[in-house]
Amino acid sequence: MVMPRASASIRNPEVQLPILRKDKGNYYLEMQVNADSDDERELAVTRRVSLDKLSQAEWNELETQYNNLDLSICNDVGINKALENIKDCRIRRLFLALLTFLNPRQVSIILYLYREAAIQDNGSFVSFRSNDLLDSLGYKRTKDGGFAARVRSQLNQDLVALHRTELVFARSLQKGEQIGAKVSVKSILRIRDYEIDKVPRNFDLSKAADYTYELADAYSVALEFFEDASKQNRNVLFSKDIDFKEKLGGNAKRDYKTKLLIYIASRMKWDRLKEGQYLLISKNCLLKNVDLLGSNKSRNNKILWRTIEQLNEDDYIIEAQELTAKSKQTKIQFQINPQKIKCLDI
DNA sequence: AGTAAACAAGGGCCGACAGT
DNA sequence: ACTGTCGGCCCTTGTTTACT
């Protein structure tokens, strides 16, 4: 339920640009995703990286770099271009990780880990080998049987981003007569340990993520949003044959299909969708959550339907149709295939 | 005026390769 | 195993043009 919000891109009007914040001696680099006033489902989420290990000098340096940044041009010239003036590799990677948080590759990694959790049956704890994950993501091996350093590096950066980016969000809580709020601070996952094969290199997790192209060979992680299906939880289950391969030669920057799938799953949970019921979502809501925010409306619409069609071909959606009520906003009605995704109703 | 297609430019990612 | 560079490929996107 948190993922669609936490992964909102910089084009989304509810997303604020990253800021540096000092809070009682703690330093944060953070990005706020505001709530949508029209829809109580859409909670506000702050994603942030704690920078508590920074010295005063490093903080000053970061502030200087930040003040020289013009992040508002990200949408015009691309995020990489907007950041290329930052000479310090670490600061550049920090901003990049925050700006592109939960990019398609990272979402694929999460889906892989949750599937592994189901297979390994060890609660929220998952162990995996880096190369297995890279295989599952569909990357090609090099001639000598390994993976390109670039790809390896990317994986460690993604894992560390999922590990050290905290998500802060509030949920209302019934406290007797009053309605209070419960604020959660969670990461998508926490890296508990990692292994290096053969000669123990001098490998440091965050240093590698910030400065080098290194990757550990095996990791153990705890999934912080994991909820045990055997306990009284309302889970949305995906079938195990879910495909999260990077598309060949495709643009890994955008992946409308996975975004739509994740959003539909989150709505199934919010709406407590029972088997046989229709899922009803307004079209504007879909367009926003799939990140179709371009200026050409008809094109956005076309891409949305193309994407729905793809999920239909993959059997996630049995049928979808547009409902246009007079003087009301257009909605799309989905019939979901319970063989592929279903909401456990406990 | 509103919508849909055609055009053109540019971004980001993978893979290959050479070098350390 | 890591670093750095380059080309190719596909996709997105603002803009322009055509259509109803």
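Both backbone and side-chain heavy atoms feed into the values below; hydrogens, waters and symmetry mates do not. Every chain is numbered from 1 and lettered A, B, ... according to where its sequence line falls, protein lines coming before strand lines.
Residue A:Arg150 places none of its side-chain N or O atoms closer than 4.0 Å to OP1 or OP2 of C:dC6.
Residues of residues 79-94 of chain A having a heavy atom closer than 4.0 Å to DNA chain C: none are found.
A heavy-atom distance below 4.5 Å is not found between the side chains of A:Arg48 and A:Gln32.
Across all strands, A:Thr142 comes closer than 4.0 Å to no nucleic acid atom at all (heavy-atom distances). A:Val77 comes within 4.0 angstrom of sugar-phosphate atoms only, judged by non-hydrogen atoms across all strands, and of no base. Contact annotation for A:Ala149: base contact, defined as any heavy-atom pair under 4.0 Å involving a base atom. A:Arg141 comes within 4.0 angstrom of no nucleic acid atom, judged by non-hydrogen atoms across all strands.
Atom pair A:Asp76:CG and B:dG10:P shows a separation of 13 Å (rounding to whole Å applied). Nucleotide B:dG2 holds its P atom 19 Å from the CZ atom of A:Arg299, rounded to whole Å.
Minimum atom distance to the side chain of A:Lys143 is reached by B:dC17, of the listed B:dC14, B:dA5, B:dC17.
The pair A:Asp291-A:Lys259 fails the salt-bridge criterion, with no side-chain N (NZ, NE, NH1 or NH2) lying under 4.0 Å from an Asp/Glu carboxylate O. A salt bridge links A:Lys283 with A:Glu322: the distance from a Lys NZ or Arg NE/NH1/NH2 to an Asp or Glu carboxylate oxygen falls below 4.0 Å.
For A:Glu61, the side chain to side chain donor-acceptor pair (under 3.5 Å) partners two or more places apart in sequence, or in a different chain, are A:Gln65.
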